[in-house]
*Asks:* 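Here it is, the structure, as structure tokens.
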Protein chains: 4
Amino acid sequence: MRSENEPEGQKARSFIEEARRAQIVASAIEVIAEAGFAHASLARIAQHAAISKGVISYHFAGKEELMEEVVNRTYGAIAEHVVAKMEGLTTATGLLRTHILAVAEHMRGHRTQLRALGEIFYNLRTADGQPRYGINANEDLYRAQEEIYRLGQRNGEFRDFDTRVMAITHSSAVDNMFAYWVANPDHDLDAHARELADLFERACRA
Amino acid sequence: MRSENEPEGQKARSFIEEARRAQIVASAIEVIAEAGFAHASLARIAQHAAISKGVISYHFAGKEELMEEVVNRTYGAIAEHVVAKMEGLTTATGLLRTHILAVAEHMRGHRTQLRALGEIFYNLRTADGQPRYGINANEDLYRAQEEIYRLGQRNGEFRDFDTRVMAITHSSAVDNMFAYWVANPDHDLDAHARELADLFERACRA
Amino acid sequence: MRSENEPEGQKARSFIEEARRAQIVASAIEVIAEAGFAHASLARIAQHAAISKGVISYHFAGKEELMEEVVNRTYGAIAEHVVAKMEGLTTATGLLRTHILAVAEHMRGHRTQLRALGEIFYNLRTADGQPRYGINANEDLYRAQEEIYRLGQRNGEFRDFDTRVMAITHSSAVDNMFAYWVANPDHDLDAHARELADLFERACRA
Amino acid sequence: MRSENEPEGQKARSFIEEARRAQIVASAIEVIAEAGFAHASLARIAQHAAISKGVISYHFAGKEELMEEVVNRTYGAIAEHVVAKMEGLTTATGLLRTHILAVAEHMRGHRTQLRALGEIFYNLRTADGQPRYGINANEDLYRAQEEIYRLGQRNGEFRDFDTRVMAITHSSAVDNMFAYWVANPDHDLDAHARELADLFERACRA
DNA sequence: TATGAATGAGCTTTCATTCAT
DNA sequence: CATGAATGAAAGCTCATTCAT
């Protein structure tokens, strides 16, 4: 019956509630990663978690809220790790390189999360049929990356290029690195990340 | 990429049959592009084509075959155009550049096909739940692109880099260029393609 | 998949479709009359008609359309009979008396329809929770009856009274006559109707 | 009409318990009046009362008992008021008139109770699907009213008529007066009641 | 060839009720 | 006394597929 995401002044969720939500979110991630968004029914998620179907309805207002929770938790964990790694860096080249390597590093241990995130981004739609997270859900990400490029352009590290195109390309390169790795578990993720860092360094530098 | 829909020894399709299949495929593309894979039911595709639902079942063994036909036809058209443009080129740099620009050029007039293609690639699964076109559906594409990179590396145009990583990055950059353009119709596709060509030229060159 | 109520210019429903709709409506009436609106699920209605649940969804856009169809058909049949009986009458007293007796006469053979009609009127709500047929659904009926009273008042048959109050009272008296009869099948409906005609004649006359 | 909720030999309810029951009943009345019987879930009633869902289950054996309590309390309050007003009257005409006016007077301030009462009467069913309060729930009421008519017939105030028909008609007229008023809050309830008193006086008098 | 009709499985959601704490 | 948590049945609805005509 709970539906809001921690509005101010509302009772914090109990420990048990929090644990259940986490459990359900984890189960959802696994089922989505395994079977794909379209086949990730509440029934299947519940079965995978060995709980009753109704439990999910009890803890989440609906399927949409559950999916958004998956996104928020997963996305938050990634951002937290990457931001920590980038802290203190001052050169655009260093930031760019670290960004790529840090994301790869974090994701190495979170393959299923990544897969689920992609599925939801691509497939989740609001009740009126519009994509819940379109490509434009990346807008914030693009903006953040453009900051780095502009820094590099200002201080002479980088040549002049279209920062939006670079941000889109950078994002997609990282996303697909993971996608390839998810599909080919033997693929050397860290080596791929280093290659990518080289690639963008060369593509950007003055 | 082209799966055989006309196995040897089978009767060729009649003219009417061919026309119907083409009509249904066209309708499917439009519905998928508009409503997304999950909402592209046979009923909706039939309604959009102003035909009976049964017609689809009559002409296609099932939904899966229809979706595959959409992929084959669309993919085939792209390949045809791009290959024609690349014919006669000899330098890796020229091939790389032309590949990017030619794909963009062709897609500019086929936005819905592109959208539908992405939806199907991402979502279609076989009866046993496995992705029908995973990232590995790109294997042929990657191989073809790797040929170009190796050519460049052999003749000294390109530096030494991991060709598989470059192929993945290249593919994803092009895919997402289109995705961004689909989501932002005012985006300048050709300018984006030129930026991308520059980007990969710099990333590859010796 | 059909949803509209005979919009102009649309293909008329096929004979088979019409028969199915009629069958489903009949089943719905029986189930509602027996089990009440709240327990008249589509599953139960289908089971009662010995058809698959999906058939109802196929022929009706949703439960609401089915319920409205029940109302329209039942209400239409009543109106047809009563109007025929009242045709040609000129005195208000005669119209009043005939109205009561004709409704009773028709309803004697349509007890379940009557029960179902009442249930739907009382219970059906639109998606936003508002009553679909409130007491105000009787507005047309009230207006029609007020015409009769005013005629009587103009030509001196009836005394001066509030026509709206009389219409409400008249309607409710007839409705409850049926309700009582439905609950007590041995009750003499025609005698009740005659008593009622006397009652309102005395209540109205100058 | 008052069913026994305090059978002999059972512990009387504590003060707190009584208060809780009253609070829950009040909440139930408001929710039913607002949303209708079908949408008056225990969850909603609990939420409206700002208590836990479990509290209701704790204080009432089930939903049915809660609903019956709503009926008993509301009905009891009406009867108390009306009986007080009728005390001491001796003529049938006076009793008839007073009955109508007193009920209207009391109800003017208890609109939601009235609405809820109607919803429950119409919709509540026992576990086996039979109406809990059918039209026959009015049997006691009919008997009481028939006493008045027979008194009038014995002492010459009233003509000879079927007392049961008159009781049904009288009850339904009063019920629908309220229903109309609930649906049309601007309707003049007292004027309606006076019209009704006139109407029945004329319908009954010798 | 083409169609409308029908099916049944599966979907999300709501709900009264039970129970441990 | 009160609560939050959990259950499982039942609801309305969508859909791919089958089939007689």
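Keep in mind that the numbers below use all heavy atoms, side chains included, and drop hydrogens, waters and symmetry copies.
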*Asks:* Any N or O donor-acceptor pair under 3.5 Å from the base of dT17(F) to the side chain of K53(B)?
*Replies:* yes
*Asks:* Have a look at S52(A) and say if it touches a base, only the backbone sugar-phosphate, or nothing, with a 4.0 Å heavy-atom cut-off.
*Replies:*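 Base, at least one base atom sits under 4.0 Å.
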*Asks:* Which pair of heavy atoms, one from R125(C) and one from G36(D), lies closest together, and at what distance?
*Replies:*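 Between these two residues, the closest heavy atoms are NH2-CA, 3.3 Å.
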*Asks:* For the residue pair I29(A) and T74(A), what are the closest heavy atoms and their distance?
*Replies:*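 Of all heavy-atom pairs spanning I29(A) and T74(A), the closest is CD1-OG1, 3.9 Å.
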*Asks:* Atom CZ of F15(A) and atom C1' of dT21(E): how far apart are they, to the nearest Å?
*Replies:*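 Distance, rounded to whole Å: 16 Å.
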*Asks:* Among dA6(F), dC13(F), dA2(E), which nucleotide sits nearest the side chain of V55(B)?
*Replies:* dA2(E)
*Asks:* Whole angstroms only, please: what is the CZ-C1' distance between R44(C) and dA9(F)?
*Replies:* 14 Å
*Asks:* Take the protein atom CD of Q23(A) and the nucleotide atom C1' of dA6(F), then report the distance between them rounded to whole Å.
*Replies:* 12 Å
*Asks:* When the distance from CD1 of I45(A) to C1' of dG10(E) is rounded to whole Å, what number comes out?
*Replies:*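 Computing the I45(A):CD1 to dG10(E):C1' distance gives 14 Å.
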*Asks:* Given the rule that a pair is Watson-Crick or G-U wobble with both distances under 3.5 Å, how would you write DNA chain F in dot-bracket, using | for pairs to a different strand?
*Replies:* .||||||||||||||||||||
*Asks:* Give a yes/no on whether any side-chain N or O of H39(C) is located under 4.0 angstrom from OP1 or OP2 of dA10(F).
*Replies:* no
*Asks:* Between Y75(C) and Q113(C), is the side chain to side chain contact (heavy atoms under 4.5 Å, CB included) condition met? List the steps.
*Replies:* CA-CA 9 Å; Y75(C) 218 88; Q113(C) 276 92 331; over 6 Å; no
*Asks:* List the steps, then state whether side chain to side chain contact (heavy atoms under 4.5 Å, CB included) holds for N123(C) with Y122(D).
*Replies:* CA-CA 9 Å; N123(C) 288 298; Y122(D) 210 90; 4.1 Å; yes
*Asks:* Whole angstrom is fine here: how far is it from CD in E18(D) over to C1' in dC1(F)?
*Replies:* 16 Å
*Asks:* Rounded to whole Å, how long is the line connecting atom CE of M67(A) with atom C1' of dC11(E)?
*Replies:* 13 Å
*Asks:* Would you indicate which nucleotide in dA16(E), dC1(F), dC11(E) comes nearest to any side-chain atom of L42(D)?
*Replies:*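 Closest nucleotide among those given: dA16(E).
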*Asks:* Apply side chain to side chain contact (heavy atoms under 4.5 Å, CB included) to residues V55(C) and F60(C) and explain how you reach the verdict.
*Replies:* CA-CA 8 Å; V55(C) 184; F60(C) 294 89; over 6 Å; no
*Asks:* Does a nitrogen or oxygen in the side chain of S41(A) sit under 4.0 Å from OP1 or OP2 of dC11(E)?
*Replies:* yes
*Asks:* Want to settle it: does G54(C) or R20(A) sit nearer the 5' end of DNA chain F, counting the closest nucleotide to each?
*Replies:*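 Result of the comparison: R20(A).
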*Asks:* Kindly say whether I32(B) contributes a backbone atom to a donor-acceptor pair with the side chain of R115(B) at under 3.5 angstrom?
*Replies:* no
*Asks:* In whole angstroms, how far is the P atom of dG12(F) from the CD1 atom of I24(C)?
*Replies:* 14 Å
*Asks:* Nearest nucleotide by nearest heavy atom, which residue falls closer to the 5' end of DNA chain F, A61(B) or I16(A)?
*Replies:*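 The answer here is I16(A).
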*Asks:* Going by an N to O cut-off under 4.0 Å, is there a salt bridge joining E18(C) and R73(C)?
*Replies:* yes
*Asks:* Taking OP1 and OP2 of dG4(F), is either one under 4.0 Å from a side-chain nitrogen or oxygen of H59(A)?
*Replies:*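 Indeed not, no polar side-chain atom of H59(A) lies that close.
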*Asks:* Looking only at side-chain atoms of K63(C), point me to the closest of dC13(F), dA5(E), dT17(E).
*Replies:*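 Closest of the options to the side chain of K63(C): dC13(F).
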*Asks:* In whole angstrom, give the distance that lies between atom CD1 of I56(B) and atom P of dT18(F).
*Replies:* 14 Å
*Asks:* Base, sugar-phosphate or nothing for S57(B)? Non-hydrogen atoms, less than 4.0 Å.
*Replies:*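 Base, at least one base heavy atom under 4.0 Å.
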*Asks:* Can you confirm whether the side chains of R44(D) and Q47(D) place a donor and an acceptor under 3.5 Å from each other?
*Replies:* no
*Asks:* Counting only side-chain heavy atoms from C-beta out, which of dT17(F), dA2(F), dT7(F) sits nearest to Y58(D)?
*Replies:*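 Comparing dT17(F), dA2(F), dT7(F) against the side chain of Y58(D), the answer is dA2(F).
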